[in-house]
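Some notes on the structure that comes next.
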Amino acid sequence: MYDPTVARLTYRALLGRRRALILGALPLLLIVISVAVRALSGADDQTAADVLGGFAIATMVPIIGVIAGTGAIGPEIDDGSVVYLLAKPLKRPAIIFTKLIVAIAVTMVFSAVPTLIAGLILNGNGQQIAVAYTVAALVASIAYSALFLLLGTVSRHAVVFGLVYALVWEALFGSLVPGARTLSVQQWALAVAHKVAGGDLVTSDVGLTTAVVLLVAVTVLATWYAGQKLRSLKLAGEE
């Protein structure tokens, strides 16, 4: 199910000079903010939770997920070069699975690692805050990558739709409409983080069991459907 050649080409596309600069901008900003907050207010657990939850998990992780998930396949579909990939003797689910693994890896590196560093800077992992939010970033990276890879497969406007989901649905409606939080990857990831940290500094509106089931279901279904859509692209090209 994993093809090294497809993976290498996908890594090259995602980590090109311009895209790498975009991917690195938010993590760098998070670390700069963390250094400034620590210098100004010292080590404070609540402040650390606010910065990591409000910026890292709510903004940085989903945006990086959009860039990596859609970028893993969207540009190939847009410029037509996916035809050459489909002409290879590769199973379509294997192509999607490989690209998903690459998108997950890139999202984790550019989101979970900076989250851990920022947490250590902010309060030295007091009350497991840094580790808890790092776990949330890791878990969210998987679901976001699958969702946005699917968007990149089905739409030419995947980046726009991905940003609408990440910044409007999760950040805006998720904070204003209680029912919307149940359908939020961010809240699912925070439920896992709450289990890691314990206490009240990391909270979620979704129970742990529900969150894990939804995370697995969304990841599996999005990956499966992306494989089906890629297969239909081949059939359309043949017709």
Test your reading of the model: is there a side-chain donor-acceptor pair from [X] to the backbone of [Y], 3.5 Å cut-off?
{"X": "Thr223", "Y": "Ala146", "answer": "no"}
{"X": "Arg38", "Y": "Ile121", "answer": "yes"}
{"X": "Trp188", "Y": "Val213", "answer": "no"}
{"X": "Asn125", "Y": "Ala130", "answer": "yes"}
{"X": "Gln187", "Y": "Val206", "answer": "no"}
{"X": "Arg92", "Y": "Leu90", "answer": "yes"}

**OP:** List the steps and the verdict of side-chain contact (heavy atoms from CB on, under 4.5 Å) for Leu52 and Thr115.
**Re:** CA-CA 7 Å; Leu52 296 180; Thr115 298; 4.2 Å; yes
When you compare the side chain of [Y] with that of [X], does any pair of heavy atoms fall below 4.5 Å?
{"X": "Val51", "Y": "Leu122", "answer": "yes"}
{"X": "Tyr144", "Y": "Ile104", "answer": "no"}
{"X": "Ile67", "Y": "Arg19", "answer": "yes"}
{"X": "Gln127", "Y": "Leu201", "answer": "yes"}

Locate the shortest heavy-atom distance separating [X] from [Y]; write the atom from each residue and the value.
{"X": "Leu30", "Y": "Pro114", "answer": "CD2-O, 3.8 Å"}
{"X": "Leu215", "Y": "Val192", "answer": "CD1-CG2, 4.3 Å"}
{"X": "Val202", "Y": "Ile129", "answer": "CG2-CD1, 4.1 Å"}
{"X": "Pro62", "Y": "Phe148", "answer": "O-CE1, 3.7 Å"}
{"X": "Ala72", "Y": "Leu14", "answer": "N-CD2, 3.7 Å"}
{"X": "Ala112", "Y": "Thr134", "answer": "O-CG2, 3.7 Å"}

If I take atom [atom1] from residue [X] and atom [atom2] from residue [Y], how far apart are they, to the nearest 0.5 angstrom?
{"X": "Leu9", "Y": "Thr5", "atom1": "CG", "atom2": "OG1", "answer": "7.0 Å"}
{"X": "Leu214", "Y": "Leu183", "atom1": "CG", "atom2": "CG", "answer": "8.0 Å"}
{"X": "Ile77", "Y": "Leu230", "atom1": "CD1", "atom2": "CG", "answer": "6.5 Å"}
{"X": "Leu163", "Y": "Leu151", "atom1": "CG", "atom2": "CG", "answer": "10.5 Å"}

Original post:
Do Val154 and Trp224 sit in the same hydrophobic cluster, where Ile, Leu, Val, Met, Phe, Trp and Tyr count as joined when their side-chain heavy atoms come under 4.5 Å apart?
Top reply: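 Yes, because Val154 and Trp224 connect within a single hydrophobic cluster, where side-chain heavy atoms sit under 4.5 Å apart.
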Original post:
Cluster question for you: counting only ILVMFWY and a side-chain heavy-atom cut-off of under 4.5 Å, with indirect links fine, are Leu147 and Met60 together?
Top reply: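 Hydrophobic grouping puts Leu147 with Met60.
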Subject >> Audit row: Val196, Val131, side-chain contact (heavy atoms from CB on, under 4.5 Å) steps and yes/no >> reply: CA-CA 8 Å; Val196 174; Val131 171; 4.1 Å; yes
Subject >> Side-chain donor-acceptor contact under 3.5 Å, Lys229 with Thr153 >> reply: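 No.
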**OP:** For Ser141 and Ser111, test the side chains for any donor-to-acceptor distance below 3.5 angstrom and give the result as yes or no.
**Re:**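 Ser141 vs Ser111: donor-acceptor pair found between side chains.
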**OP:** Please report the C-alpha distance between Val37 and Thr47 in whole Å, then the side-chain angles of each, then the deciding distance to 0.1 Å, and finally whether the side-chain contact (heavy atoms from CB on, under 4.5 Å) criterion is met.
**Re:** CA-CA 8 Å; Val37 169; Thr47 300; 3.4 Å; yes
**OP:** Give the C-alpha distance, both sets of side-chain angles, the deciding distance and a yes or no for side-chain contact (heavy atoms from CB on, under 4.5 Å) between Leu15 and Phe110.
**Re:** CA-CA 11 Å; Leu15 299 177; Phe110 282 91; 3.9 Å; yes
**OP:** Answer yes or no: does atom OH of Tyr225 have more than 12 heavy-atom neighbours from other residues, nucleotides or ligands under 6.0 Å?
**Re:**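 No, the 6.0 Å shell around OH holds no more than 12 heavy atoms from other groups.
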